Each structure stands twice: as C-alpha cells, then as structure tokens.
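Notes follow once the structure below has been shown.
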Amino acid sequence: MSSENYTFENEEYRQRYWHTCSHVMAQAVKRLWPEVKLAIGPAIKEGWYYDMLAPFAFTPEHLEQIEAEMKKICKEGLKLERFELPRDEAVSFMTQQGEPFKVELINDLPADSVISFYRQGEFTDLCAGPHLDSTSRIKANALKLLSCNAAYWRGDSSRETLQRIYGIAFPKKEELEAYLERIEEAKRRDHRKLGKELGLFAFRDEAPGFPFYLPNGMVLQNTLLDYWHKVHKKWDYLEISTPQIMKRTLWETSGHWDHYKDNMYTTVIDDEDYAIKPMNCPGSILVYELEPHSYKDLPLRYGELGHVHRHELSGALHGMFRVRCFTQDDAHILLAKEQIQGEVVRITKLIDEVYSVFGLPYRILLSTMPEDHIGTRADWEKAESALADAITSIGKSYEVNPGDGAFYGPKLDFEIEDCLGRRWQCGTIQLDYQLPGRFDLEYTDTNSEKQTPVMIHRVVFGSVERFIGIITEHFAGAFPTWLSPVQVKLLPVTDRAFEYADGIKAELESRGYRAFVDKRNEKTGRKIRDAQMEKVPYMLVVGDRDMENGTVSPRHRTDGDLGAMSLDAFISLLAEVVDSKAVK
RNA sequence: GCUGUUAUAGCUCAGUCGGUAGAGCGCAUCCUUGGUAAGGAUGAGGUCCCCGGUUCAAAUCCGGGUAACAGCUCCA
C-alpha cells in the first residue's frame with residue numbers, strides 16, 4: 001500500500017506530510033541562500049520546523065520569499081528517492097555538501113545504524129524518513145511559514161544558536177484557514193491582554209515577574225481561595241502557614257541549598273544566611289516535628305497556600321504562567337507506607353471534583369523512576385504500582401511518562417485541557433521517601449516502635465497565578481457567575497431610577513452578591529455595551545416601568561434580555577447559578 | 001541566561017529624508033433623561049523607556065542599559 005492511501009487524519013501520514021514539507025523548506029532556503037547550513041528539521045505535533053545557521057537574521061520578508069520558492073518546488077513535482085550510504089561515504093558526502101551539522105549527526109549515529117538519505121531534485125538530506133513520494137503531494141496554497149526564532153543546536157544552551165523556522169500545512173486551504181483562526185482566537189484570549197482589559201493583574205518594570213493583583217483580580221483570587229478552603233475542609237485538611245524566610249541550615253538539611261540554590265533568593269539577617277522559601281515542604285516538616293506522632297494521627301494532611309519565590313531566568317517569564325513569586329495550593333501529607341494507595345485515591349477524587357467545577361477535562365500521567373534516583377528498584381516498583389492501582393481502582397486511566405519522576409519518588413501529573421485543546425500541567429501528586437528521612441521524622445506504630453513516615457506533596461491548582469491565567473484564557477475572560485468580579489451590574493435608565501437601583505444593589509450585597517450601579521450619564525444601550533465588554537454575567541436594566549411594577553429587567557451576557565421579573569425571582573435565579581457553580 | 005524584534009498620551013497605535021508630536025478610544029466639563037451592544041459639543045493629557053555619543057539640530061542615527069514580545073533552555 002502506498003503511503004498516499006492514508007488520510008490526513010492518520011497521525012503517521014500527517015508526520016510524513018509535514019516532514020516532507022520541512023525538506024521542501026530546506027531546499028527552498030538552499031536555493032535562495034546556498035551558504036545557509038542545515039541542522040535538523042523534524043515534523044512536530046502541529047507542522048514542522050527546520051533549524052539552520054545563516055549569516056543573517058531571517059525576517060518575515062525572507063519567510064515570504066521562502067514560502068514562494070516552496071510553492072514552486074511543490075509544483076515541480078520532484079520525486080523523493082531514498083538511498084543509503086556507508087558511514088565514511090555519508091560523511092564525505094555531507095562534508096562535500098558543506099553541511100557540518102549533518103556530519104556531526106552522522107558521526108554520532110550508533111555503529112550499526114543504517115544511514116539513509118532522501119533526494120528530491122538537486123536537494124538531498126540526511127533523513128530516516130519516511131516521506132511522501134513527490135513534492136506535488138503537498139498542497140501549495142495550504143502551507144504557511146509561521147515564525148522564525150532562535151534555537152540551540154541540539155538543545156544545548158552552551159552550543160551554537162541557530163535559527164528555527166516553523167511551518168504548517170494541510171491538504172486543504174480551508175483547514176489552513178481554520179488553523180490560523182485558532183491561533184488568532186488564542187491571541188484574543190491571551191490572559192495578559194484580558195488581565196489588563198479586565199483589571200485583573202498587572203506587571204511593572206520595577207518588579208519583573210512579580211505580579212500585582214488589581215481589585216478585580218483580587219476578588220477572583222479570593223473567590224477561588226474561598227472555594228479551595230471549603231473543599232479542603234471537606235476532605236479533612238488542616239491549614240497551616242509557614243514563614244517566608246528561614247535559615248540556611250534548614251535549606252541545607254532539606255537539600256535545597258545544594259540542589260536549588262540558583263533559583264533561590266537569599267538574604268543575611270544578623271550576620272546569618274537566610275533564604276526566601278522556594279517550596280513549602282521544609283516548613284511543613286518543621287510543623288510536624290513540633291510534637292511526637294502516633295499512627296493514629298496519620299494520614300496527617302497539612303494544607304498550605306504557600307507563597308513561594310523562585311528566581312526564574314528573565315527569558316522564561318510569561319504573564320501569570322511563569323512568574324517569580326506565586327502561591328502554591330500545596331499540601332504535605334505524612335502517612336504510613338500502607339496508606340499510600342488509599343490516600344492517592346482521596347486526592348484524585350478531590351482533584352477530579354475541583355476540575356469538574358471549572359469544566360476542565362484532564363488526563364493523568366504516571367512518571368516513573370528516573371535514571372538518577374534514590375531508593376531500591378523494589379521500593380520504586382511498589383510505589384509506582386500503588387499510584388497506578390489507585391487510579392485504576394476508581395475507574396480512571398493513566399498514561400506512563402517513563403523516567404520522568406522526581407529523584408525522590410514517582411508522581412502523578414494531572415494535565416488539564418482547555419477549550420482550545422491546549423494542555424496545562426496543574427495538579428500533581430508526588431511520593432517522597434527522602435525528605436522524612438533527611439529530617440529524621442518518625443511516628444510510633446501499633447507495636448510502639450518508631451517508624452519513618454512517607455510524605456506526599458500535592459497541588460490541585462498548581463499555582464494560583466497560573467491557574468488564574470489558564471481559566472482566564474479558557475473562559476475568554478467571561479468567568480462563570482460565581483467567579484465573576486462583578487456579578488450584577490445595575491443599569492438605571494434615567495437618574496430617577498438611581499435610588500431604586502441603589503436599593504436593589506444593597507439587597508444583593510446583603511445576600512453576598514457582587515453588584516455595582518452604572519450611574520454614568522449615558523444611554524441604556526451604551527451601558528449595556530460597556531457591561532458586555534466587561535463580561536459582566538447579569539445586567540439589570542431598571543427604569544420607570546420597573547419602579548412602577550416593582551420589577552427588574554435582567555439581561556444575561558449570552559442569553560440576552562430575560563424579560564421583567566420580580567427581584568425575588570431574579571435572586572433565586574442568581575442563587576441557583578452561583579450555588580451550583582455552573583459554568584454560566 | 002541565549003538569539004531576534006519592540007518600547008511615542010491612561011489604552012490601541014500613526015509619525016516619510018534628522019528640523020522638539022498626531023488619531024481613535026478613555027478622561028473632564030457642558031448639553032442631552034435616553035428601555036437592551038457606542039447620543040452630541042468643548043477641553044485637558046506627552047521627560048517620545050533610561051544613560052551616553054554623533055550633529056547647528058535626535059522620537060528618528062550610533063553605543064550601553066532596562067523592560068516586554070517570539071522562541072530555545074528551564075519550569076508550577
């Protein structure tokens with residue numbers, strides 16, 4: 001069967017298609033600028049890229065030129081032919097072609113590997129394939145070069161910085177347009193843009209990477225945390241709060257001073273070294289150590305909304321997604337080995353409960369033993385199967401992420417998928433066999449013997465800041481009513497209705513709702529438009545008619561005019577939406 | 001941190017060849033009292049990111065900072 005019998009929905013065919021596009025792009029570049037050196041050009045999840053070294057920086061105009069040349073190559077209908085060469089011939093071939101990166105790649109291939117090439121017209125590339133059979137298979141008017149950026153050769157920051165050109169292509173022009181539209185939609189939802197427009201948060205040059213919460217953002221955060229408190233009370237967590245700054249000796253015991261110092265902010269107090277906490281675990285441990293513990297205390301669940309600081313590289317900062325100080329909705333659970341599975345089930349149920357409130361689907365990843373680890377293989381296997389069994393026991397499934405665990409234990413990661421299909425790692429459950437031992441933690445078991453507890457680190461939101469960023473984009477700023485900074489905006493038709501509106505506002509506030517009156521000297525249409533732009537869920541138009549009949553005229557931001565009704569009727573409607581935490 | 005790009009009014013952005021700045025929105029005042037997505041008029045706002053250089057003259061050209069953006073590396 002020829003590869004062209006596949007459809008584009010087929011993953012393997014898609015990869016083949018994009019990989020061929022990447023060769024066509026490289027060919028176009030070499031035709032335009034023969035002096036450019038090629039590195040690697042794989043197909044990726046969406047599209048492809050090619051890394052290259054050029055004596056000048058590519059600009060959008062260059063990309064247009066390359067794109068035009070690519071279209072020409074597609075129309076030329078060049079056949080792709082595979083051939084193999086022995087290693088020494090492969091090296092001399094690429095040396096002769098003036099491609100040092102390709103020579104390095106060939107030299108690094110394992111001794112027994114087959115070294116294959118693909119030729120199309122005058123262009124030949126080192127490549128394992130597979131490919132389409134001809135460049136004419138690529139739909140010339142449905143391909144686009146998206147951007148050009150820097151990338152390190154072999155992902156190594158100590159090596160050459162190359163230029164990476166990203167591209168995308170589809171078999172139909174409409175699919176390309178839909179893809180580009182999705183990118184535009186993501187831009188419209190960018191939480192940095194919405195955060196500014198909606199008055200949620202801000203950044204200043206005076207504090208790069210350290211967010212300022214504005215009044216609306218503070219309401220959102222507090223509402224989120226109120227909910228967090230409620231859920232954690234229900235699941236038997238004990239809330240604590242530990243110091244921001246603690247002595248160097250503590251961080252030496254925990255291992256952070258040796259392994260995490262580059263990311264820590266430090267200070268000196270009374271001639272002693274201190275560090276601002278980058279993580280909450282050592283603080284929780286100090287609380288545990290305050291008194292002796294019995295097996296009857298376990299699992300002991302310390303919850304902490306811990307404000308941590310980490311010195312991230314300036315180039316890594318990204319709105320609320322990557323900041324230098326953030327709040328983890330952390331918990332440290334101390335428990336006996338045999339309690340692990342049951343506790344993991346509890347945590348998974350809690351996480352499931354929270355994510356479903358936001359309407360966020362997720363998948364679970366099990367990260368197993370990395371090469372660099374502590375503890376015996378048997379212990380690891382036991383821990384990994386405890387995590388795996390916990391997930392399957394509640395009818396959920398997981399994917400394995402081999403070797404991606406922390407050095408001190410395996411973990412479960414919860415990856416949220418937002419409404420644009422983008423994935424975000426939020427929740428995580430990590431088993432830790434190391435820290436309790438480093439701090440000599442113990443509990444007394446049923447035989448009056450001292451035992452070392454296991455520690456579970458877990459977060460649900462991950463970081464409150466990142467979670468706020470994610471839901472801002474997920475809801476495009478139109479938060480569900482229970483989370484909206486302003487839930488009801490009263491729009492008096494004339495100033496005769498101000499007093500009536502104030503009375504309704506007071507009534508709503510006394511019931512715990514967030515209401516505001518728009519008393520600007522503007523027409524109703526204008527007030528509605530502005531409230532819509534602010535994404536307020538409910539607008540209450542009140543005018544002479546309502547005052548006469550004792551009604552309000554609610555308008556929902558998506559459902560439109562709901563018609564006049566009594567205030568009581570509106571309040572019960574509002575109560576139902578808010579209390580159910582509906583995504584509305 | 002690295003590579004590239006960018007920085008002009010509260011916001012979004014124009015500003016040609018180097019001759020000390022403009023629009024729309026917002027804001028203020030006045031008119032307008034208007035029932036489901038923008039009523040009208042007038043007006044006030046600028047250390048053109050910071051420091052230095054070239055020049056008779058710099059928002060504009062050059063160098064160095066800072067910050068943001070895209071990506072790499074790293075990560076909640």
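Naming: A, B, ... by sequence-line order, numbering from 1 per chain. Just so you know, these numbers come straight off a predicted model, no measurement behind them. Any value given below was found using the heavy atoms of this structure, including those in side chains, with hydrogens, waters and symmetry copies removed.
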**Sugar-phosphate only, base, or nothing, as touched by A:R496 at under 4.0 Å among non-hydrogen atoms** = sugar-phosphate

**Prompt:** Between B:A70, B:A67, B:C72, which nucleotide has the shortest distance from any of its atoms to the side chain of A:H318?
**Reply:** B:A70

**Message:** Taking any heavy-atom pair under 4.0 Å as a contact, classify A:D544: base, sugar-phosphate, or nothing.
**Reply:** base

**Fill in**
Testing B:A68, B:C72, B:G35 for proximity to the side chain of A:L317, the answer is B:A68

**A:A57 side chain, from C-beta outward: closest of B:G4, B:A76, B:G35** = B:G4

**Prompt:** Which label fits B:G10, syn or anti, where anti is any glycosidic angle not within 90° of 0?
**Reply:** anti

**Message:** Does B:U12 have its OP1 or OP2 closer than 4.0 Å to a side-chain nitrogen or oxygen of A:K196?
**Reply:** yes

**Prompt:** Within the structure shown, what part of the strands sits under 4.0 Å from A:F467 by heavy-atom distance: base, sugar-phosphate, or nothing?
**Reply:** nothing

**Request:** Answer with base, sugar-phosphate or nothing: what part of the nucleic acid does A:S147 contact at a heavy-atom distance below 4.0 Å?
**Result:** nothing

**Request:** Go through the steps to decide whether A:R526 and A:D518 satisfy the test salt bridge (Lys or Arg N to Asp or Glu O under 4.0 Å), and finish with yes or no.
**Result:** CA-CA 11 Å; A:R526 179 49 178 270; A:D518 183 350; over 6 Å; no

**Prompt:** OP1, OP2 of B:U36 versus side-chain N and O of A:Y538: anything below 4.0 Å?
**Reply:** no

**Asked** Could you state the CD-P distance from A:E522 to B:U32, rounded to the nearest angstrom?
**Response** 15 Å

**Message:** Using heavy-atom distances to pick each residue's nearest nucleotide on RNA chain B, tell me which of A:G462 and A:P208 is more 5'.
**Reply:** A:P208

**Item:** Whole-Å C1' distance, B:A37 and B:G43
**Value:** 28 Å

**Prompt:** Any ion pair linking A:R192 and A:D190 (charged N to carboxylate O, less than 4.0 Å)?
**Reply:** yes

**Request:** Under a 3.5 Å limit for both distances, which nucleotide forms a Watson-Crick or G-U wobble pair with B:C11, could you say?
**Result:** B:G24

**Toward the 5' end of RNA chain B, by each residue's nearest nucleotide, A:A151 or A:R520** = A:R520

**Asked** What does A:G155 touch in the nucleic acid at a heavy-atom separation under 4.0 angstrom: a base, only the sugar-phosphate, or nothing?
**Response** sugar-phosphate

**Fill in**
Among the nucleotides B:A37, B:G1, B:A76, whichever has the atom closest to the side chain of A:M533 is B:A37

**Backbone of A:M218 reached by a side-chain donor or acceptor of A:N222 within 3.5 Å** = yes

**Request:** May I ask you to decide if the ring planes of A:H62 and A:F56 are parallel, tilted or perpendicular, using 30° and 60° as cut-offs?
**Result:** tilted

**Item:** Distance test, side-chain N/O of A:T494 to OP1/OP2 of B:G34, below 4.0 Å
**Value:** no

**Message:** Looking at the base of B:C74, is there any donor atom on it, or on the side chain of A:R322, that sits under 3.5 Å from an acceptor on the other one?
**Reply:** yes

**Message:** Students often get this wrong, so: under 4.0 angstrom with heavy atoms, is A:G543 touching a base, only sugar-phosphate, or nothing?
**Reply:** base

**Item:** Phosphate-side-chain proximity, A:R192 and B:A70, N/O vs OP1/OP2 below 4.0 Å
**Value:** yes

**Request:** Go through the N and O atoms of the side chain of A:N521 and the base of B:G34, and report whether any donor-acceptor pair is under 3.5 Å.
**Result:** yes

**Asked** In whole angstrom, what separates A:I165's CD1 from B:U3's P?
**Response** 19 Å

**Asked** Can a donor-acceptor pair under 3.5 Å be found between the side-chain atoms of A:Y152 and the base atoms of B:G1?
**Response** yes

**Message:** Counting the atoms with a prime plus P, OP1 and OP2 as sugar-phosphate, which does A:S463 contact under 4.0 Å by heavy atoms, base, sugar-phosphate, or nothing?
**Reply:** base

**Message:** For a quick test of reading the model: is some side-chain N or O of A:R526 closer than 4.0 Å to OP1 or OP2 of B:U36?
**Reply:** no

**Sugar-phosphate only, base, or nothing, as touched by A:V323 at under 4.0 Å among non-hydrogen atoms** = base

**Request:** In whole angstrom, give the distance that lies between atom NE2 of A:H311 and atom C1' of B:U73.
**Result:** 14 Å

**Asked** Can you tell me how far C1' of B:A37 sits from CZ of A:R555, to the nearest Å?
**Response** 6 Å

**A:K193 atom NZ: more than 12 heavy-atom contacts under 6.0 Å** = yes

**Prompt:** Taking atom C1' in both B:U8 and B:G35, what distance in whole Å separates the two?
**Reply:** 42 Å

**Message:** Tell me if the aromatic rings of A:F326 and A:H307 count as close, with their centers under 6.0 Å from one another.
**Reply:** no

**Prompt:** Separation of A:W228 atom CH2 from B:A76 atom P, in whole Å?
**Reply:** 19 Å

**Asked** Ignoring hydrogens and angles, are the base of B:G34 and the side chain of A:T524 linked by a donor-acceptor pair under 3.5 Å?
**Response** no

**Request:** Describe the nucleic acid contact of A:D530 in one word from base, sugar-phosphate, nothing, applying a heavy-atom distance below 4.0 Å.
**Result:** nothing

**Item:** Parallel, tilted or perpendicular: rings of A:H256 and A:W251 (30°, 60°)
**Value:** perpendicular

**Message:** B:U36, OP1 or OP2 - any side-chain N/O from A:R529 closer than 4.0 Å?
**Reply:** no

**Asked** Less than 3.5 Å between a donor and an acceptor, one on the side chain of A:D205 and one on the base of B:A67, is that the case here?
**Response** no

**Request:** Would you mind calling B:C17 syn or anti? Take O4'-C1'-N9-C4 for purines or O4'-C1'-N1-C2 for pyrimidines, and syn is within 90° of 0.
**Result:** syn

**Request:** Name the nucleic acid region contacted by A:D495, choosing base, sugar-phosphate or nothing; use a 4.0 angstrom heavy-atom cut-off, strictly under.
**Result:** base

**Prompt:** Does A:K519 count as lying over the ring of A:F498, i.e. NZ or CZ under 6.0 Å from the six-ring centre, within 45 degrees of the axis?
**Reply:** yes

**Request:** Would you classify A:T59 as touching base, sugar-phosphate or nothing, given that sugar-phosphate means primed atoms plus P, OP1 and OP2, and contacts are heavy atoms under 4.0 Å?
**Result:** nothing

**Prompt:** How is A:E312 classified with respect to the nucleic acid when contacts are heavy atoms under 4.0 Å: base, sugar-phosphate, or nothing?
**Reply:** base

